[in-house]
There are 2 protein chains.
Amino acid sequence: MKKISEKLLEKCPWISFKINLRELSFTTWMLLGQCVSKCDHIKRIPLSPAVRKELHKVYLIKGVVATTAIEGNTLTEEQVRDILENKANIEPSKKYLEQEVRNIIEACNEIGRNIRSEKYKTVSNELICELNKNVLTNVPVEDGAIPGAYRNRQVGVGRYRAPAAQDVSHLMNGYCEWLSSFDGAGIDEIAAAIIKAIASHLYFVLIHPFDDGNGRTARLLEFMILLSSGAPSPAAHLLSNHYNATRAEYYRHLDKISKTKGDMSDFFAYAIQGLRDGLQDVIDTIIVQVQMVSWRHYVYQIFKPIENDSAKRQREILFLLSECANPLPLSEIEKLTAKYYLDKGKTQKSFTRDWNSLLKTDMIAEKDGKYSPNYSLILNQLPFSM
Amino acid sequence: MKKISEKLLEKCPWISFKINLRELSFTTWMLLGQCVSKCDHIKRIPLSPAVRKELHKVYLIKGVVATTAIEGNTLTEEQVRDILENKANIEPSKKYLEQEVRNIIEACNEIGRNIRSEKYKTVSNELICELNKNVLTNVPVEDGAIPGAYRNRQVGVGRYRAPAAQDVSHLMNGYCEWLSSFDGAGIDEIAAAIIKAIASHLYFVLIHPFDDGNGRTARLLEFMILLSSGAPSPAAHLLSNHYNATRAEYYRHLDKISKTKGDMSDFFAYAIQGLRDGLQDVIDTIIVQVQMVSWRHYVYQIFKPIENDSAKRQREILFLLSECANPLPLSEIEKLTAKYYLDKGKTQKSFTRDWNSLLKTDMIAEKDGKYSPNYSLILNQLPFSM
């Protein structure tokens, strides 16, 4: 890759496009390993198409809210969902916030649809300008800002003073070259993409090439880098979520980088910890679904060989109880199942008989007089019993 | 912790009980992170009790075979399974091999049963001697060896010459103290246990405290350390498997440690890579089960609202096809389902009608004229479609 000129490097030594992976602590590497493993699991855990679609939507919404909220957009996740589902009714004074959100949704979808196409294989100045133009379409911009064109005046973010306007296009050339030459030094593809996405974000906001929309453009690039490495889409939104959820830390770290002449190791530690925690959340969400499917399957297995009416009713009690978030006392379980027994033309007496049979199995767990399905039967929380 | 005397350290500097975690490469740390994440997943993926029990058994068998095979035992996994299920019929000349296997099974089960008890909280000389005695119960031992007593003569393994007999009890005191003082410097509990298990194994075989049974005793300690940190039982057997499957490398690395005066970083890299690969295998095995359960659940969901006889038959075709490992041509599918249709009093014609209806759904995937269930519907292999 062509080198950034010495003169330019002297002016802003923190934008050197040289990442020293050896600066990262072993804790950070261990967290990065966890990220790699968790991305793999998210991709391999089976989900019904409806659940998968909803999961994708939830994380798209979180991502869109995060990337716009950090710029001051105040629309909530519920409102963004309504926009996505075309049933929003946003008041006129907030229409520009809706437009901001629509721009990001459209950009994410465009990237998702075309992720395997030539368009995103190499990141060019043209592509970056197009993304910036898209995020600013039909929304009010900073005075004098031209969407999709690099800036021609001095800017700053908080205490940080970005490089001079005349250096922007040189730096952005260096940025594009760095993006296409970064190869991750032989580490796993997803791990390399995570490092690249974080560094790409940092360099971008440090150069601050546009008058407006820099953060959003940077986060779209980050999304694109992660998605094109094979990271599952919820994972590709998580860095933005983390930056938004911990804004003060985010700005503190950014500021620190220019002061330490480009030491990015603390930022990496901060970002990778957030990504790991976010991935853990995704897995927690998915695992609940998988456990519920497994539980229903197990209940069917247990009651299948019997298949008399009483067994069917016991199965139904278990399913109704499975839909409750918390253990219930017997009186609540009676209420919960009352309609089912009524519809079947059955009495309170048959419920009691069924319930007592059920209690004799190991399918019900009891604690402090409250009952829940005995999920421990299908969980591996403890070392396997010997 | 009391220090190993300077004099002793001069004689065998590679047994210093000082692990320098900073010597490990970032690749090793990343792999260790993956191990942590994978242990977590193995514990959280739900399995039916029967599958879970079988999985536990499979890895117990693999572990027992590995730990005895590396010492020259030639019984196969099938034979060890038969021993475990009390239906073995081993010829008299190999009875001692059966006894060796029984000793390890009994020791693993004893550890598993009591893992939460006081007995295994601190590793003492007494416990170590008891383990050694147990692995050597009723099997032929090296000439003059006393099971459960530290050696009183010089030994070597391959080219390696172990410390002098008179130093063994001092070194083993140091070993026990090191085991109880090692705290993992703030890294995750499972990660610390992995480091501890590997180092414990190394120190043990380098000291080589017994005349016989050192390897097996070392591997039981390693199993105990992993299990008591909360690692799932299949995971706790994997290091032994790896050492056995790659014996030449294992001995080469052991030899290298004494030559490099105790640099264990290459051994850690070798062991952790093997552990990660082993954990990936466990997950591959589990995921197949989970995917099958999810697939059956999805098929039920799709056909439930219909529930006419034709829909029930289509569901049965899907289930029969799901039990086949490979895609089948139509002619094979006809054979596969023939008995079912016959039993239902149905003709070839109704099969053809059902099959054509099924083809109109997205439940069947076709490639090169062969058909399989369309598992892609429930998999997240690719980034979520937008």
Side-chain angles (χ1 to χ4, degrees), chain A residues 21-22 24 26-27 29-38 41-49 52-53 55-56 59-60 108-109 111-113 115 186-188 191 227 230-234 236 283 287 290-291 293-298 300-301 375 377-386, chain B residues 21-22 24 26-27 29-38 41-49 52-53 55-56 59-60 108-109 111-113 115 186-188 191 227 230-234 236 283 287 290-291 293-298 300-301 375 377-386:
Chain A
L21 293 181
R22 297 193 181 276
L24 305 190
F26 62 70
T27 318
W29 282 109
M30 203 151 67
L31 290 170
L32 190 59
Q34 292 188 34
C35 292
V36 169
S37 185
K38 288 182 198 304
H41 293 294
I42 292 171
K43 284 199 281 183
R44 296 175 71 201
I45 297 175
L47 291 174
S48 77
R52 179 162 49 149
K53 205 169 163 188
L55 186 78
H56 158 66
Y59 280 88
L60 175 62
C108 286
N109 282 338
I111 291 171
R113 279 190 299 268
I115 198 65
I187 60 177
D188 177 279
L227 209 59
S233 99
I283 285 179
I287 283 277
V290 173
Q291 286 175 349
V293 165
S294 293
W295 174 253
R296 291 184 70 95
H297 188 261
Y298 180 60
Y300 268 114
Q301 270 187 321
Y375 296 124
L377 289 169
I378 57 155
L379 296 182
N380 300 316
Q381 301 282 12
L382 291 171
F384 297 96
S385 60
M386 297 276 160
Chain B
L21 292 181
R22 295 190 183 278
L24 305 190
F26 61 71
T27 317
W29 282 109
M30 203 152 66
L31 290 170
L32 190 59
Q34 293 189 35
C35 292
V36 169
S37 185
K38 288 181 199 305
H41 292 294
I42 291 171
K43 285 199 280 182
R44 296 175 71 200
I45 297 175
L47 289 173
S48 76
R52 180 162 47 149
K53 204 169 163 188
L55 186 78
H56 159 66
Y59 280 88
L60 175 62
C108 286
N109 281 338
I111 291 171
R113 278 190 300 267
I115 198 64
I187 60 176
D188 177 279
L227 208 59
S233 99
I283 285 179
I287 282 278
V290 172
Q291 286 175 349
V293 165
S294 293
W295 173 252
R296 291 184 70 94
H297 188 260
Y298 180 59
Y300 269 113
Q301 270 187 323
Y375 296 123
L377 288 169
I378 57 154
L379 296 182
N380 299 316
Q381 303 281 15
L382 291 171
F384 297 97
S385 59
M386 297 277 159

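Chain A is the first sequence line, chain B the second, and so forth, proteins listed ahead of strands; every chain is numbered from 1. Keep in mind that this is a model prediction, so the values were computed, not measured.
If you take CE on B:M30 and CE on A:M30, they are separated by 13.0 Å, rounding to the nearest 0.5 Å. The CG atom of B:L47 sits 6.5 Å away from the CG atom of B:L55 when rounded to the nearest 0.5 Å. Atoms NZ and NE2, on B:K38 and A:H41 in that order, are 4.0 Å from each other to the nearest 0.5 Å. Rounding to the nearest 0.5 angstrom, the gap separating the CZ atom in A:R52 from the CG atom in B:L377 is 7.5 Å.
With chain B as partner, the option from A:A191, A:C35, A:S37 having the largest number of non-hydrogen pairs under 4.5 angstrom is A:S37. The choice from B:P49, B:S48, B:S294 that makes the most heavy-atom pairs within less than 4.5 Å of chain A is B:P49.
For A:L31, no part lies near chain B; criterion is any non-hydrogen pair under 4.5 Å. Residue contact with chain B, scored on non-hydrogen atoms closer than 4.5 Å, is absent for A:Y59. Contact of A:V290 with chain B is made through backbone and side chain together, with heavy-atom distances under 4.5 Å. For A:F26, the parts lying under 4.5 angstrom from a heavy atom of chain B are both the backbone and the side chain. Neither the backbone nor the side chain of B:Y375 comes within less than 4.5 Å of any heavy atom of chain A.
Taking 4.5 Å as the limit, every side-chain heavy atom of A:W29 sits out of range of all side-chain heavy atoms of B:L32. Contact annotation: the side chain of A:R44 approaches that of B:I283 to within less than 4.5 Å [non-hydrogen atoms, C-beta and beyond].
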